[in-house]
Chemist: 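Take this structure, written in structure tokens, and hold onto it; I'll ask about it next.
Start at 1 and go down the list; that is how both ligands and their atoms are numbered.
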Amino acid sequence: MLHETREFDAIILGAGAAGLMCAIEAGKRGRRVAVLELADRPGKKILISGGGRCNFTNIYCRPDNFLSANPHFAKSALARYTPRHFIDLVKKHGIAYHEKTLGQLFCDHSSRQVLDMLLTECADAGVEIFTSTRTEQIEHSSNFTFHTSKGIFQTEALVIATGGLSIPKMGATAFGYEIARQFGINIIPTRPALVPLTLSDDDCANLCDLAGVSTDVTASIGRQFFREKMLVTHHGLSGPAILQISSYWEPSKTIDLDLGPQKQLLAAMLTSPSGRDARRAASLLREVLPQRLADRLIALAKPASWTNHAIQQLESKFHRWPIIPSGTEGYDKAEVTAGGVDTDELSSSTMECNRVPGLFFIGEVVDVTGHLGGFNFQWAWASGAAAGRAL
Ligand code: FDA
């Protein structure tokens, strides 16, 4: 069957967070915009985000909440589209929200409201969204022309917003990276981030039967640290502190866990000569840690004697418990993909490729990865708005 060629001022591939924001900003400026989405519905990740309540931004968003080979790259876009801009949009649509913790803003009711808000803004801005549309091949001369399952599309400005590799079950594809490669654009190697970590068989034998136990820790690698909850899982460790530090972890690197941040764990033993034994140590640890974890740690540490020196050493060890993960649970469980399109290839104010005028990359496909807590959506909104205002 022959299809007509559809022409637009700008075409965005991917109707996720970044793509929809970009479409809104470009549409509002009078551009004829199409968004082509492979899945049968737009914004699937928005719907499942934040446990169904979408942690849509973080009021304490700062450039150092992001990882990138160039830590300065994200600054310009983040400064021009701030959490306040997104909060204003949320308020305009009457969506009730609350701060959960550490500046993280969640919908009171459902992520669906954020998606509906973006789709309403798209409709108001005259954006056309084509779902279930597979892009086959992109040709570039003065324009970009491409064949899709819905016919041929043509545009002067092509925005790649196809996201990262995390959660392939939900339709994540490597398409964005393939396009980058087609145009000779460098890619910083990708890796799963904000991802649960696995432990070696030996470490798992010591800990993993405690799956479900969670406690406050500080997890650190070098000078980077996160003080949040850690959760023991059937395969290793998870919880916010571990997800956060996983983005900084590389194979064979040690993660130090402070199991009693800013707390004295065994100090009471030093001043009382009586009751210097494993039972007393466990009961002191239980004041800070869940009982099963406290008992297990004492059983694992088992000092030969309970001298002052041994107690002090153990206190230090609990504040700097070294863990060498055996790996991560991979893209199946990763909230985001770190690495991606090299920011050296892009303009930090417009997200346009320096070497391929008219080609833009936004959102997670770019080598900018946020911490847990609404920062990844803030990057999607900010990079989407930066490109949308430049199209
Ligand atoms: P996103 O993945 O949102 O969108 C890409 C779109 O492109 C998808 O619709 C996809 O189907 C489409 N696509 C792929 N290949 C294509 C192709 N070949 N052609 C056309 N379309 C194609 N972040 C946060 O800040 N707060 C939170 O609460 C959460 N919660 C959360 C939960 C879970 C379970 C996950 C997996 C992730 C989060 N995140 C998050 C991260 C956040 O979802 C993510 O960073 C953003 O969705 C990235 O936005 P993008 O638009 O770049 O990609």
Chemist: Out of Leu165, Ile12, Leu38, Asn58, who is nearest to atom 20 (C) of ligand 1 when you count heavy atoms only?
Modeler: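 Closest candidate by heavy-atom distance is Leu38.
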Chemist: Check whether Val368 and Leu194 end up in the same hydrophobic cluster, where Ile, Leu, Val, Met, Phe, Trp and Tyr are linked by side-chain heavy atoms less than 4.5 Å apart.
Modeler: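 Cluster IDs for Val368 and Leu194 differ.
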Chemist: Parallel, tilted or perpendicular: which one describes the rings of Tyr248 and Phe226, with boundaries at 30° and 60°?
Modeler: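 Taking Phe226 first and then Tyr248, their aromatic rings sit tilted (interplane angle of 30° to 60°).
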Chemist: Would you say His98 has more than 12 foreign heavy atoms packed within less than 6.0 Å of its NE2?
Modeler: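 Above 12, so yes.
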Chemist: Check this for me - ligand 1, Gly43, N or O atoms closer than 3.5 angstrom, yes or no?
Modeler: no
Chemist: Quick one: nearest non-hydrogen protein atom to atom 16 (C) of ligand 1, plus distance?
Modeler: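 Sorting protein heavy atoms by distance from atom 16 (C) of ligand 1 puts Thr162 CG2, 3.5 Å first.
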Chemist: Compare Glu364, Lys44, Arg134, Glu37 and give the one whose heavy atom is closest to atom 52 (O) of ligand 1.
Modeler: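 Selected option, by shortest heavy-atom distance: Glu364.
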Chemist: Considering only protein heavy atoms, which is closest to atom 53 (O) of ligand 1, and at what distance to one decimal place?
Modeler: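 Answer, as residue, atom name and distance: Gly163 CA, 3.4 Å.
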Chemist: Which of the atoms in ligand 1, numbered in the order shown and given with their element, are less than 4.0 Å from a heavy-atom of Asn376?
Modeler: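 Checking each atom against Asn376, I get 23 (N), 25 (O), 45 (O).
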Chemist: If you measure from atom 51 (O) of ligand 1 to every heavy atom of Gly164, Pro42, Gly363, Ala18, which option wins on shortest distance?
Modeler: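 Comparing heavy atoms across Gly164, Pro42, Gly363, Ala18, the nearest one to atom 51 (O) of ligand 1 lies in Ala18.
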Chemist: Identify the protein heavy atom lying closest to atom 34 (C) of ligand 1, giving its residue, its atom name and the separation to 0.1 Å.
Modeler: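 Checking every protein heavy atom, the shortest distance to atom 34 (C) of ligand 1 gives Ile48 CD1, 3.4 Å.
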Chemist: Let me see the working for Arg279 and Asp277 under salt bridge (charged side-chain N to carboxylate O under 4.0 Å, His left out), right down to the final yes or no.
Modeler: CA-CA 5 Å; Arg279 267 182 64 184; Asp277 55 23; over 6 Å; no
Chemist: Under a 4.0 Å threshold between the charged nitrogen and the carboxylate oxygen, would Arg227 count as salt-bridged to Asp258?
Modeler: no
Chemist: Which residue is it: Phe56, Tyr81, Phe375, Phe86? I am looking for the one with a ring pair (Phe, Tyr, Trp, His ring centres under 6.0 Å) to Trp381.
Modeler: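 Among Phe56, Tyr81, Phe375, Phe86, the one that satisfies the ring pair (Phe, Tyr, Trp, His ring centres under 6.0 Å) with Trp381 is Phe86.
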Chemist: What protein heavy atom lies closest to atom 4 (O) of ligand 1? Include the residue and the distance to one decimal.
Modeler: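 In this structure, atom 4 (O) of ligand 1 has Gly16 CA, 3.3 Å as its nearest protein heavy atom.
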Chemist: Do any heavy atoms of Leu36 fall under 4.0 Å from ligand 1?
Modeler: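 Right, Leu36 reaches ligand 1.
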Chemist: Is Gly374 close enough to touch ligand 1? Criterion: a residue heavy atom under 4.0 Å from a ligand atom.
Modeler: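 In this structure, Gly374 qualifies as a contact of ligand 1 - some heavy atom is under 4.0 Å.
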Chemist: Which protein non-hydrogen atom lies closest to atom 15 (N) of ligand 1, naming both residue and atom, and how far is it?
Modeler: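 Protein heavy atom at minimum distance: Thr173 OG1, 2.7 Å.
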Chemist: Do Leu372 and Leu78 land in one hydrophobic cluster if side-chain heavy atoms of ILVMFWY residues count as linked below 4.5 Å?
Modeler: no
Chemist: In ligand 1, which numbered atoms sit nearer than 4.0 Å to a non-hydrogen atom of Phe175?
Modeler: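 Those qualifying, in numeric order: 18 (N).
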Chemist: Is Lys100 positioned over the aromatic face of Phe106, cation under 6.0 angstrom from the ring centre and no more than 45 degrees off axis?
Modeler: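 Yes, Lys100 sits over the ring of Phe106.
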Chemist: Which of the numbered atoms in ligand 1 are below 4.0 angstrom from a heavy atom of Ser49?
Modeler: 27 (C), 28 (O), 29 (C), 30 (N), 31 (C), 32 (C)
Chemist: Looking only at heavy atoms, is any part of Ala161 under 4.0 Å from ligand 1, and if so is it the side chain, the backbone, or both, or is it neither?
Modeler: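 Within the 4.0 Å criterion, Ala161 contacts ligand 1 through backbone atoms alone.
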Chemist: Can we say Glu25 and Lys28 salt-bridge, meaning some charged N sits less than 4.0 Å from an Asp/Glu carboxylate O?
Modeler: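 Here Glu25 pairs with Lys28 in a salt bridge, since their nearest N and O are under 4.0 Å apart.
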Chemist: Using a 4.0 Å cut-off to any heavy atom of Ile167, which atoms of ligand 1 qualify?
Modeler: 36 (C)
Chemist: Of all the non-hydrogen atoms in the protein, which one sits nearest to atom 29 (C) of ligand 1, and at what distance?
Modeler: Glu335 OE2, 3.5 Å
Chemist: Can you figure out which of Thr369, Asn55, Val114, Val365 has its heavy atom closest to atom 26 (N) of ligand 1?
Modeler: Asn55
Chemist: Is there a side chain to side chain contact (heavy atoms under 4.5 Å, CB included) between Tyr60 and Asn65? Walk through the geometry before answering.
Modeler: CA-CA 9 Å; Tyr60 304 125; Asn65 295 118; 5.7 Å; no
Chemist: When Glu315 is tested against each of Gln312, His319, Lys317 for side-chain hydrogen bond (donor to acceptor under 3.5 Å, both in side chains), which residue passes?
Modeler: His319
Chemist: Taking all heavy atoms of Ser247 and all of Ala193, pick out the closest pair and write down the distance.
Modeler: OG-CB, 3.5 Å
Chemist: Considering only heavy atoms, does Val336 approach ligand 1 within less than 4.0 Å through its side chain, its backbone, both, or neither?
Modeler: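 Contact part for Val336 vs ligand 1: side chain (C-beta onward).
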Chemist: Kindly identify the option in Phe377, Phe106, Trp381 whose heavy atom sits closest to atom 43 (O) of ligand 1.
Modeler: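 Among Phe377, Phe106, Trp381, the closest heavy atom to atom 43 (O) of ligand 1 comes from Phe377.
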